[in-house]
A.B. asks: 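Sharing a structure with you now.
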Amino acid sequence: MWWSLDLNTKMEVISRNTVEVVTLEELRSKFEVGYKVKGYLGFEPSGLFHIGWLIWALKYRDLVNAGVEMYLLEATWHAWINDKLGGDMELIRTAAKHVVSVLKYIGVDIDRVRVVDAEELVSDREYWGILIKVAKSASLARVRRALTIMGRKIEEGEADFSKLIYPLMQVSDIFYLGLDIALGGLDQRKAHMLARDVAEKLGFKKPIAIHTPLLTSLQGTSRMDHKGELDEVLSDSKMSKSRPESAIFITDSDEAIRSKIMNAYCPLRQVDFNPILEIAKYIIFYEEPRDFIIERKAKYGGPLEITTYKELEELYVAGSLHPLDLKSAVAKYVVDMIRPIRDNVFREYGDMVSKITSHHQ
RNA sequence: CCCGCCGUAGCUCAGCGGUAGAGCGCCCGGCUGUAGUGUGGGGGCGCAGUUACCGGGUGGUCGGGGGUUCGAAUCCCCCCGGCGGGACCA
């Protein structure tokens with residue numbers, strides 16, 4: 001268990017499969033000092049759990065297992081600000097609960113997690129005091145720079161003012177809970193950096209930011225042929241709920257999962273922006289070694305058995321593994337992984353699922 | 001966190017190894033014109049006062065701290081602050 005982990009093992013467990021830890025040195029010294037390290041992840045209950053979230057969920061599990069005292073913030077008010085689920089707070093709250101359940105099913109020791117609803121934070125006037133302090137210590141331009149995409153539309157007058165409060169709340173959440181670590185997908189970077197910027201000025205702990213990768217959309221990124229237009233290629237590539245066919249949901253049937261994977265973008269021998277390889281890397285091979293069997297007819301080379309992602313990638317780059325065989329294998333493992341979770345979600349949150357599903361239409 | 005630019009007078013900035021500057025503002029004075037006012041009108045005088053002009057004056061820890069140098073606003077290092085950019089969005 002965690003108390004038996006030595007420092008180097010902790011550091012390894014926490015930093016694996018992340019895009020970055022800002023900064024590793026700060027994290028190490030926190031552990032060296034030896035006091036109870038507190039971390040959190042805030043998630044916006046915006047709909048059904050999808051496979052992209054699994055990446056931060058697994059990282060969350062790592063942090064819990066590494067002995068970090070983890071908070072899980074149900075960012076219900078934040079979802080409201082971002083007009084998620086039609087602003088239906090009841091539905092948002094239920095959606096939040098189903099995410100907590102999924103975490104439990106993937107093996108997060110939920111008894112050691114402190115689940116907090118944003119409702120609790122905003123009910124405390126101290127929270128709003130912190131928020132005003134944060135607001136006073138950052139210029140309008142600085143806050144605007146920390147905005148999500150949604151918020152950036154303010155410039156065009158397409159968004160309401162509450163979007164500007166959003167990053168202030170994210171920062172206030174961290175300070176209010178007294179956290180050492182802020183975990184999130186790479187898309188949370190701007191808010192985390194704002195928190196780091198103003199923390200010392202206000203006498204709060206400067207949070208260490210841990211960012212997990214974002215999965216490429218199953219549709220991939222077209223326009224790869226434009227040389228040097230990386231930005232253009234990268235745009236529009238995150239796996240997102242707004243386009244159901246681009247993501248695998250925890251509620252998808254075995255057939256739906258297989259079909260989405262088989263139809264996914266998966267260029268021969270190419271690693272970059274290859275959603276199937278990413279799923280293999282960040283989800284199937286999250287923990288290594290792992291037994292991974294690729295069934296193949298003898299005329300295509302026969303079955304393959306590997307244990308690490310590195311082996312898989314090498315085979316693929318070498319052209320020894322055809323996209324179709326890769327997809328079949330990945331689909332099998334994803335289906336096996338999701339099936340039990342899905343069954344539980346339907347059992348506990350069947351009503352919510354149908355509500356949200358109808359909401360999508 | 002990374003990259004780039006910036007921080008010099010109240011404001012906008014120039015100067016980028018050799019005496020800290022300009023424009024604007026501000027203060028004092030002058031003058032011309034103008035509206036108001038004392039007192040019914042005019043003149044004079046006074047008060048008050050807008051704009052433009054003229055003259056004079058006021059302007060500074062050159063963001064902070066170290067270093068290099070005979071000499072630093074200027075070059076180097078560290079820090080603080082600001083703006084922009086940074087895989088989703090654009």
Side-chain angles (χ1 to χ4, degrees), chain A residues 14-15 17-30 42-44 46-47 50-56 78 81-84 134-159 163-164 166-167 170-171 174 180-203 205-224 226 228-243 246-247 265 270-275 277-278 281-282:
Chain A
I14 290 177
S15 58
N17 280 334
T18 61
V19 180
E20 61 177 356
V21 176
V22 183
T23 63
L24 277 167
E25 294 71 32
E26 291 172 35
L27 183 64
R28 178 174 286 272
S29 58
K30 288 268 186 190
F43 70 91
E44 206 180 83
S46 56
H50 69 89
I51 197 172
W53 290 9
L54 230 33
I55 296 178
W56 61 251
H78 313 62
I81 286 177
N82 271 347
D83 310 309
K84 294 298 165 61
V134 171
K136 289 191 82 65
S137 61
S139 70
L140 175 58
R142 183 67 189 82
V143 174
R144 195 191 289 130
R145 216 162 75 75
L147 287 183
T148 56
I149 316 84
M150 196 67 81
R152 292 215 156 186
K153 292 191 173 160
I154 281 182
E155 334 245 317
E156 296 112 62
E158 290 174 22
K163 306 296 183 285
L164 268 164
Y166 196 104
Q170 283 181 284
V171 173
I174 292 168
D180 303 287
I181 297 175
L183 170 65
L186 190 58
D187 49 349
Q188 301 307 307
R189 198 172 203 283
K190 285 167 185 284
H192 292 163
M193 290 307 165
L194 178 59
R196 286 176 62 82
D197 275 359
V198 301
E200 282 169 337
K201 224 189 294 187
L202 296 177
K205 284 191 277 190
K206 190 173 183 175
I208 293 155
I210 300 178
H211 299 132
T212 54
L214 304 173
L215 273 191
T216 298
S217 157
L218 290 177
Q219 248 70 79
T221 59
S222 48
R223 314 190 297 276
M224 286 295 287
H226 297 168
E229 305 243 344
L230 193 61
D231 282 355
E232 193 183 332
V233 169
L234 290 172
S235 73
D236 226 26
S237 59
K238 187 179 79 164
M239 187 171 277
S240 117
K241 300 164 299 300
S242 47
R243 287 169 302 155
S246 76
Y265 173 74
Q270 185 185 307
V271 176
D272 293 337
F273 311 111
N274 184 326
L277 278 179
E278 287 179 10
K281 180 178 185 180
Y282 296 121

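These numbers come from a predicted model, not from an experiment. Naming convention: chains lettered A, B, ... in sequence-line order (proteins, then strands); numbering from 1 in each chain.
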A.B. asks: Assess whether salt bridge (charged side-chain N to carboxylate O under 4.0 Å, His left out) is satisfied between K84(A) and E44(A), documenting all intermediate values.
C.D. replies: CA-CA 8 Å; K84(A) 294 298 165 61; E44(A) 206 180 83; 2.5 Å; yes
A.B. asks: How close or far is atom P of rC1(B) from atom CZ of R142(A), stated in whole angstroms?
C.D. replies: 11 Å
A.B. asks: Which heavy atom of W53(A) sits nearest to which heavy atom of G47(A), and what is that distance?
C.D. replies: CH2-O, 4.4 Å
A.B. asks: Nearest of rG86(B), rC83(B), rG82(B) to any side-chain atom of R145(A)?
C.D. replies: rG86(B)
A.B. asks: Would you kindly give the CD1-to-P distance between I208(A) and rC1(B), to the nearest whole Å?
C.D. replies: 12 Å
A.B. asks: Check the distance between rA87(B)'s P and L215(A)'s CG and give it to me in whole angstrom.
C.D. replies: 17 Å
A.B. asks: What is the distance from NZ of K190(A) to C1' of rG86(B), rounded to the nearest Å?
C.D. replies: 7 Å
A.B. asks: Rounded to whole angstroms, how far apart are CG on L194(A) and C1' on rC1(B)?
C.D. replies: 13 Å
A.B. asks: Atom CD of E20(A) to atom P of rG86(B): distance rounded to whole Å?
C.D. replies: 15 Å
A.B. asks: R196(A) near the nucleic acid: base, sugar-phosphate alone, or nothing, with a heavy-atom cut-off under 4.0 Å?
C.D. replies: sugar-phosphate
A.B. asks: What's the gap between rU74(B) and rC27(B) when it is taken at their P atoms, as a whole Å value?
C.D. replies: 34 Å
A.B. asks: Which one is paired to rG7(B), where only Watson-Crick or G-U wobble pairs with both distances under 3.5 angstrom count?
C.D. replies: rC80(B)
A.B. asks: In whole Å, measure the gap between the P atoms of rG44(B) and rG59(B) for me.
C.D. replies: 41 Å
A.B. asks: Whom does rC26(B) pair with, Watson-Crick or G-U wobble, provided both distances fall under 3.5 Å?
C.D. replies: rG57(B)
A.B. asks: Could you pull out all residues at least two apart from Y166(A) that satisfy ring pair (Phe, Tyr, Trp, His ring centres under 6.0 Å)?
C.D. replies: H78(A)
A.B. asks: Can you check the H192(A) NE2 to rA87(B) P distance for me, whole Å?
C.D. replies: 16 Å
A.B. asks: Using Watson-Crick or G-U wobble geometry with both distances under 3.5 Å, which nucleotide pairs with rG41(B)?
C.D. replies: none
A.B. asks: Please determine if a side-chain N or O atom of K201(A) lies less than 4.0 Å away from the OP1 or OP2 oxygen of rG82(B).
C.D. replies: yes
A.B. asks: May I have the distance from R144(A) (atom CZ) to rG82(B) (atom P), rounded to whole angstrom?
C.D. replies: 15 Å
A.B. asks: List the atom of H192(A), the atom of A209(A), and the distance in Å for their closest heavy-atom pair.
C.D. replies: CB-CB, 3.9 Å
A.B. asks: Between rG84(B), rG86(B), rG82(B), spot the one nearest the side chain of R189(A), thanks.
C.D. replies: rG86(B)
A.B. asks: Identify which nucleotide among rG82(B), rG84(B), rC1(B) has an atom closest to any side-chain atom of V22(A), counting heavy atoms from C-beta outward.
C.D. replies: rC1(B)
